[in-house]
Amino acid sequence: MQITGMLWGAKLLNYVGFPTSEVLGPEATSEQIKDLLDRYGQVLVKPSFKGGVGKKGKAGLIGFATDVATAMREKERLYFVEHKVGHSRAKAEGVTFESAIPARYEIYVSISDDTRFRAPTLTITHHGGVDIEELSKDQIVTIPFDALTGFKGFVVANALDRIKAPNEIISPLVQSLPKLWDLFNNYGMSTLELNPIRMMPKNGRLVPVACDFKCAFDTDDPAWKRLELPASLDSSNYSDFEMEINELRTYQGQSDVFVTNELGTVTAMTFGGGANALVTELLGEAGTISSDFGGNPPYEKMYEISRIVYKHWLAQSNVLFIIGGKANNTDIYTTMRAMGDALRDYFNQHGPVPLYVVVGRGGPNLIRGMAYLKDILDALGIPFRMFGHDSSMSGVVSYVKAIDDWMQVEGKAIVAKKMGIK
């Protein structure tokens with residue numbers, strides 16, 4: 001479950017006493033908006049989106065008003081506005097009216113569970129208000145910290161010192177940011193991001209004020225339910241495919257998916273978080289989904305996952321890519337048997353499709369699993385290539401991209417003819 005925006009973000013931050021901008025919802029009256037204008041001089045009118053739609057291209061989607069009439073016109077303009085980035089599209093479902101906060105510095109802060117460090121991490125910069133990917137490495141820093149000792153002020157101080165942040169912002173942030181750990185840790189969050197926190201002058205010092213909010217909850221951790229948040233707040237905007245997969249969440253085996261490009265031509269069934277990150281990045285727009293199906297899923301679950309993936313993506317895919325690192329506990333034979341059986345059943349039900357299969361895996365029962373899958377692919381007439389754990393994963397992805405290019409130019413017709421597909 002994900003939440004974006006300050007309408008509910010302010011309510012969550014109030015649990016731990018973190019200062020926020022004042023926020024009114026779409027139902028705000030003219031009198032309430034005028035009161036906000038009288039006290040702050042200006043309001044920001046922001047569309048409320050479902051789905052993670054980054055900041056790129058959103059500059060024109062924020063309205064500024066110094067009077068009620070302008071605020072209402074901006075409300076009308078933005079209430080159902082549509083925002084598109086690449087192949088991602090999001091439609092607003094209302095607006096918020098937020099107090100303008102004067103500031104000299106804008107801070108980006110996030111706390112997240114990072115698989116690279118296997119620890120919670122702080123990411124921070126005093127060059128906030130932008131997509132952090134645009135910043136150079138000397139402008140932003142990521143520091144892991146010990147979950148047992150918690151998120152202390154010295155973690156903030158060390159991070160800001162490394163990026164040579166101005167002295168006047170360090171003390172206020174050292175005092176205030178540890179409050180975010182209470183919210184993150186006590187209510188089952190996996191990510192908490194504020195961008196920006198604006199450093200507002202007040203009584204001769206700077207006060208950090210949160211002006212935008214994003215968080216994601218670990219739905220396997222029941223702590224988030226204590227907030228009693230309505231289901232309608234979930235801004236993850238799941239597709240039909242994602243909702244079907246998410247219904248398969250169990251105690252055993254991952255079933256994490258995200259649609260990256262509805263027009264992609266490579267469908268990657270990935271095992272492991274590290275493999276997922278690498279494969280998704282290297283495939284780029286060629287990939288249809290980002291996935292992690294590791295965690296030793298039982299046969300029944302892996303079969304259902306495969307059936308759903310094939311139903312949604314196989315017809316448009318040039319390459320079915322089964323990829324993961326060398327597993328410690330995942331039974332490769334069980335997962336490949338399930339994927340192979342589901343593929344055979346798909347062909348029996350829907351008919352054959354011209355397809356190339358690439359496999360890169362390692363782990364228990366690898367040879368037995370590859371042999372089982374090979375027999376099915378041979379029987380279906382599907383061309384394939386298999387790589388063991390000693391192959392470079394990035395090299396295997398490069399091979400997949402070359403096969404995808406070949407399929408688009410001439411390979412699909414060649415494979416279709418070989419498989420007897422008219």
Side-chain angles (χ1 to χ4, degrees), residues 86-87 241 257-272 274-293 305-306 309-326 332 335-336 338-340 342-344 346-347 350-363 366-367 369-422:
H87 295 283
F241 165 69
V257 295
F258 179 75
V259 177
T260 55
N261 183 4
E262 294 179 349
L263 303 178
T265 51
V266 177
T267 296
M269 300 185 67
T270 310
F271 295 80
N276 172 32
L278 176 66
V279 170
T280 301
E281 180 179 357
L282 293 181
L283 284 180
E285 292 198 355
T288 57
I289 61 174
S290 172
S291 62
D292 178 5
F293 301 130
I305 286 173
S306 303
V309 170
Y310 301 159
K311 179 180 73 171
H312 285 273
W313 304 108
L314 215 57
Q316 72 185 60
S317 296
N318 293 329
V319 184
L320 174 62
F321 188 22
I322 300 170
I323 183 67
K326 184 176 181 180
I332 305 302
T335 56
M336 289 197 177
M339 287 185 281
L343 185 60
R344 180 191 57 220
Y346 177 91
F347 272 48
H350 301 280
V353 295
L355 185 70
Y356 200 106
V357 174
V358 178
V359 180
R361 280 252 60 185
L366 173 66
I367 302 303
M370 284 187 167
Y372 187 95
L373 183 59
K374 174 185 181 298
D375 289 343
I376 289 180
L377 296 175
D378 284 337
L380 297 176
I382 301 174
F384 64 90
R385 179 75 182 270
M386 295 185 177
F387 297 86
H389 65 85
D390 55 344
S391 299
S392 162
M393 191 175 296
S394 59
V396 177
V397 176
S398 296
Y399 179 83
V400 167
K401 293 178 72 174
I403 291 295
D404 181 45
D405 292 340
W406 173 73
M407 288 285 282
Q408 294 194 55
V409 174
E410 61 177 352
K412 202 155 192 173
I414 295 173
V415 172
K417 184 176 180 180
K418 183 181 177 181
M419 295 176 68
I421 302 172
K422 295 182 179 180

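The pair Asp378-Lys374 meets the salt-bridge criterion, since a charged nitrogen lies less than 4.0 angstrom from a carboxylate oxygen.
Separating the CG atom in Leu283 from the OG1 atom in Thr260 is a distance of 8.0 Å, to the nearest 0.5 Å. To the nearest 0.5 angstrom, Asn261 atom CG is 12.0 Å from Ile289 atom CD1. Atoms OG1 and CZ, on Thr335 and Phe293 in that order, are 11.5 Å from each other to the nearest 0.5 Å. Taken to the nearest 0.5 Å, the CH2 atom of Trp406 stands 5.0 Å off from the CD1 atom of Ile414. Rounding to the nearest 0.5 angstrom, the gap separating the CZ atom in Phe384 from the CD1 atom in Ile376 is 11.5 Å.
Leu343 is listed as a side-chain neighbour of Leu314, based on a closest heavy-atom distance under 4.5 Å. Contact of the Phe321 side chain with the Ile403 side chain is not registered, since no non-hydrogen atoms from C-beta on lie closer than 4.5 Å. Looking at Val358 and Phe387, their side chains come closer than 4.5 Å, going by heavy atoms from C-beta outward. For the pair Ile332 and Phe271, the minimum side-chain heavy-atom distance is 4.5 Å or more. In this structure the side chain of His312 never reaches within 4.5 angstrom of the side chain of Val259, judged on heavy atoms.
Of all heavy-atom pairs spanning Met419 and Leu355, the tightest one is SD-N, 4.3 Å. Shortest non-hydrogen contact noted between Ser306 and Met269 is OG-CE, 3.6 Å. Across all their heavy atoms, Gly324 and Ala275 have their closest contact at CA-CB, 4.2 Å. Closest non-hydrogen pair, Thr288 versus Gln316, comes out as CG2-NE2, 3.8 Å. For Arg344 against Leu380, the heavy-atom pair with the smallest separation is CA-CD1, 4.0 Å. The heavy-atom pair separating Ala315 from Lys412 by the smallest distance is O-NZ, 4.4 Å.
Judged purely by atom type and a 3.5 angstrom limit, Asp292 uses its side chain to pair as donor or acceptor with the backbone of Gly272. Side chain of Tyr356 to backbone of Val400: no donor-acceptor contact under 3.5 angstrom is found. Side-chain N or O atoms of Asn276 include none that pairs as donor or acceptor with a backbone N or O of Thr270 at under 3.5 Å. When atom types are taken as modelled, the side chain of Arg361 and the backbone of Gly325 share a donor-acceptor pair closer than 3.5 angstrom. Between the side chain of Ser291 and the backbone N or O of Ala268, at least one donor-acceptor pair lies under 3.5 Å.
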Problem set entry | Stepwise side chain to side chain contact (heavy atoms under 4.5 Å, CB included) check, Leu373 with Leu377 | CA-CA 6 Å; Leu373 183 59; Leu377 296 175; 4.0 Å; yes

Problem set entry | side chain to side chain contact (heavy atoms under 4.5 Å, CB included) between Met393 and Leu282, intermediate numbers included | CA-CA 10 Å; Met393 191 175 296; Leu282 293 181; over 6 Å; no

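Checking Asp404 against Thr265 by side-chain atom types alone, a donor-acceptor pair falls below 3.5 Å.
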